[in-house]
Novice: 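Just dropping this structure here.
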Amino acid sequence: MYAKVVVDVNAKRVDKLFDYAVPEQLTDILTVGMRVVVPFGPRKIQGYIIELVDEMHDKPLKSILHIQDMTPELNRELIQLSEWMQQTHIAKRIAVLDIMLPRAVKGKYHKVYRLEEPESISDELYPMFSQNIVRINTLSADDIKALQPYIKDGIVTEDVEVKQQQKVKTVKAVECNVSNLDDALDSLRSDKQKSCLMMIYDEGMLTLKALKEQGYSSAVVNGLVAKNMLKKIDIEDNRDPYRHRDFVQDSKKILRDEQQTAYTAIRQAIDEETHEVFLLHGITGSGKTEVYLQTIADVLDKGQSALMLVPEIALTPQMVERFKARFGDLVAVMHSGLSMGERYDEWRKIRKGEAKVCVGARSSVFAPFDNLGLIIIDEEHEASYKQEDYPRYHARDIALWRGDYHHCPVILGSATPSLESYARAEKGVYRLLTLTKRANQFPVPSVNVVNMRDELAAGNRSMFSEVLASAINDRIQKGEQIVLFLNRRGHAQFLLCRDCGHVPNCPNCDISLTYHKATDELKCHYCGHKEHKPLTCPNCDSEHIREMGIGTQKVEELIYQHFEGAKVIRMDNDTTSRKGAHEQLLEKFKNQEANILLGTQMIAKGLDFPNITLVGVLNADTMLNLPDFRSSERTFQLLTQVSGRAGRADKEGHVIIQTYNPEHYAIQYAKNNDFLGFYREEMSYRKIGKYPPYYYLINLTFSHTDMKEVLLESKHIHQTLLNHLSPSSYVLGPAPCAIARINNQYRFQIIIKFKSEPELLKALTYLDDYYYDQFVKNKFSLSIDINPQMLM
DNA sequence: AGCACGCCGACT
DNA sequence: GTCGGCGTGCTC
């Protein structure tokens, strides 16, 4: 018997299966999906068993050294999925496996010295070994030098210890080891030991901690262990991040007609175990979540599991609470706030079948359920479902694959579906379910678009239009709450010389430097370059060099200047980077500790506070003007999303959108809450521009320090693509990227637009292989983004 | 990737 | 003569 193994080496050259002999003693234990340690050249590394072959190999093989775990980390589905991803996403198998598994199982390598002949070593060096082994990282350079002669003589050998990042947490416990209780009790003298044994006999097993709390000291327990009546064992302990929280049991709510229709349709697919994809298009507050909860309940009743994906940012305590309240301990929650160990424990709860529901962000789409009955992707249109760095994947694609594998329905839910999904629903590929009414029957908020050009003409040069300023004052007086939205991440301010127009740029990248007030420095967000803020213009020496572009931090200052009685909570990358900060700030706002919540996109979701009656969008244009074909869609989604924050309770909500482009269709349709209108108009532009959903896109970005090199290679790439693709496809470019140089690397891109190209993956795989060698030799790098979310 | 091998230059 | 620089090639 031999095994096909993926080795833990992240390199293209070894991105294949290696065959290893299975040693006699492992033949019965070894299963597919297990992690093993194998010799690899002169090294010793971790690997995953992909396949076991029950035949003799024609060549002599090296042998698997040992196994890393008793239960396989991967199941057959994930192995199959990883192969599919490797082929369709042009990614290395090991890189795919790495993102599918919790980081805790990733191999960790330590070089160790092993003392082979303890009697032959000097007395000074002997103490540094414990059990004849010492780790290299605990030794000083001098120690290592002193060991060298012994290594030469074979008294000490070098070895590698392969461990995982994080261990399974265990607690000490004892289990009962007697078959006849009465006989055992008769032989005991101590009453304490007798009652202790009886208790454990009843329970089968108890932790030492629990016994201590019952008044049985370790002396009592150890006495029984010595008599072989109890056996010490280690049991797994779960780090449950929510163990200190109590959740109020929540029960089903009655569904209204639209919800009921949607529920019935999904229910049927669940019962029939068909892989049907539903697009649940429901406006904010229409009760999508209740539909999710009830369909999940049905899946659980059938003895199956359910997976629910939400954007990271929407994974708020309120959301988690709702699931915990309905399904209790059956829920595993996975988000970025968990420690590596907590994440691993949640993962294992799912794998062992203890958790039947998983609520989590993007990477949870790989949750190791083996009997999935339903997959839900909430806020289906969110860009965060696409992993933007290698290996690039879209959670929606993975969910659809898994839905097909498990023969289970997939629900894509959104108030503003992506054009791709809605178009598929129109074509009948997905089944459209619509929720048009707010569950609580509250009126949709009124939306007011303010033309900032008029404000400027009227002499108002501040951030706040007349309408918005008076509305803010009004709400402050009434004691109501306000959400202000500034679509500028962090505080991307730059410097501008008012005399000569000079903007300080990064010396390594073609982008302006960002001003950071906290450190009074100019920073480049792409390469990390930093410099002190100049006092005068580096170009003309003028003193009129000013900060331009307003960030959240600046707006906070302005609010305090303009509005009496304002109390602001600011939420952006700077104030929420600390663990739990996001939650804390929202809690403060909920408790009315502030009347204005000011933030970036992160506040567009998940807040559901009754006292918010005004939502202001300070500048709707920043996103609209990005050079990307999805900018209108993103703007429409965001404005709709933000507007949904107002007037959810008995007070009427009001939304004010400030813009320099009031007539833009994305803003107008958002104002009128008209998804379908927006969809139709945007689709017509996509058709003319040959963009998704009419065409699929591939974005190839390549870079090198020498521009000539980039231009030369880009011709080769372009020609290769033309040779492989049919005439109905378009190969655009090469053209410089929106940021043409990053870290002194010149960047160009080629965009492929196509409808159907059976040979495309082959061509891309060829390019990926070819340019991997080029990268090794020449530092020319190529990255391939299939179905890009952004073209920048 | 990471390790060994190998082939050149500048040191005791 | 040999220590060490990093180019090349291989890993079941």
Side-chain angles (χ1 to χ4, degrees), chain A residues 1-27 30-68 74 79 82-83 86 90-101 103 105-114 135-137 139 141-142 144-149 151-152 154 156-165 389-391 704-705 768-783:
Chain A
M1 181 155 80
Y2 68 94
K4 292 186 176 293
V5 175
V6 170
V7 291
D8 180 25
V9 178
N10 189 10
K12 189 101 205 163
R13 309 282 279 270
V14 291
D15 183 25
K16 54 184 171 185
L17 299 177
F18 287 85
D19 298 340
Y20 284 92
V22 178
E24 194 80 37
Q25 72 274 17
L26 287 182
T27 44
L30 208 62
T31 58
V32 159
M34 271 184 185
R35 287 176 306 155
V36 290
V37 175
V38 292
F40 194 63
R43 295 189 279 165
K44 216 171 111 178
I45 52 172
Q46 187 172 287
Y48 295 93
I49 308 275
I50 297 301
E51 202 185 325
L52 286 168
V53 184
D54 228 353
E55 284 160 32
M56 286 292 286
H57 202 277
D58 46 359
K59 280 197 257 340
L61 299 174
K62 286 191 184 175
S63 217
I64 290 169
L65 296 172
H66 59 262
I67 56 170
Q68 288 285 80
L74 294 164
I79 289 172
S82 72
E83 188 182 9
Q86 176 189 31
I90 325 272
K92 283 165 280 190
R93 190 75 176 268
I94 190 66
V96 174
L97 291 174
D98 273 349
I99 50 153
M100 293 193 343
L101 294 168
R103 210 149 38 100
V105 305
K106 181 136 181 69
K108 208 174 161 187
Y109 303 94
H110 295 286
K111 206 175 215 186
V112 295
Y113 291 112
R114 182 168 278 130
R135 263 204 207 160
I136 194 166
N137 55 354
L139 298 177
D142 286 343
I144 294 167
K145 211 173 231 173
L147 283 176
Q148 292 308 314
I151 293 169
K152 219 176 215 169
V156 172
T157 52
E158 280 182 304
D159 199 0
V160 176
E161 203 181 62
V162 187
K163 285 194 159 179
Q164 64 181 53
Q165 300 281 333
D389 39 50
Y390 184 90
H704 193 268
T705 43
D768 189 56
D769 288 346
Y770 179 83
Y771 282 102
Y772 174 74
D773 288 336
Q774 284 295 301
F775 177 74
V776 171
K777 277 197 246 155
N778 192 13
K779 294 279 168 237
F780 182 93
S781 78
L782 168 73
S783 91

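All values below come from the heavy atoms of this structure, side chains included, with hydrogens, waters and symmetry mates left out. Order of the sequence lines fixes the chain letters, A, B, ..., with proteins taken first and strands second; residue numbering starts at 1 for each chain.
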Novice: Between A:K12 and A:D773, does any side-chain N to carboxylate O distance fall below 4.0 Å?
Specialist: no
Novice: Please list, chain by chain and in numerical order, all residues satisfying side-chain contact (heavy atoms from CB on, under 4.5 Å) with A:T705, sequence neighbours excluded.
Specialist: A:Q745
Novice: Using whole Å, report how far OH of A:Y109 lies from P of B:dG2.
Specialist: 10 Å
Novice: Rounded to the nearest angstrom, tell me the gap between atom CD in A:E158 and atom C1' in B:dC3.
Specialist: 12 Å
Novice: For A:D15 and B:dG2, give me the distance from atom CG to atom C1', rounded to whole Å.
Specialist: 17 Å
Novice: Can you tell me how far apart CZ (A:R13) and OH (A:Y772) are? Round to the nearest 0.5 Å.
Specialist: 6.0 Å
Novice: Can you tell me how far apart CD1 (A:I50) and CG (A:L74) are? Round to the nearest 0.5 Å.
Specialist: 6.5 Å
Novice: So with a 6.0 Å cut-off around CD of A:E24, is the heavy-atom count from everything else above 12?
Specialist: no
Novice: Measure from CD1 on A:I94 to C1' on B:dA1 and round the result to the nearest Å.
Specialist: 12 Å
Novice: Starting from P on B:dC3, measure out to NZ on A:K44 and report it in whole angstrom.
Specialist: 13 Å
Novice: Please state whether the phosphate of B:dA1, meaning OP1 or OP2, lies under 4.0 angstrom from any side-chain nitrogen or oxygen of A:Y772.
Specialist: yes
Novice: Between N or O atoms, less than 3.5 Å apart, protein on one side and nucleotides 8-12 of chain C on the other: list the pairs.
Specialist:
residue	atom	partner	partner atom	Å
C:dT11	O3'	A:G41	N	2.9
C:dC12	OP1	A:Y20	OH	3.2
C:dC12	OP1	A:P39	O	3.1
C:dC12	OP2	A:G41	N	3.3
C:dC12	OP2	A:K62	NZ	2.5
C:dC12	O3'	A:D19	O	2.8
C:dC12	O3'	A:K62	N	2.9
C:dC12	O2	A:D19	N	2.7

Novice: Can you name the closest pair of heavy atoms from A:V36 and A:L30 and give their distance?
Specialist: CG1-CD1, 3.8 Å
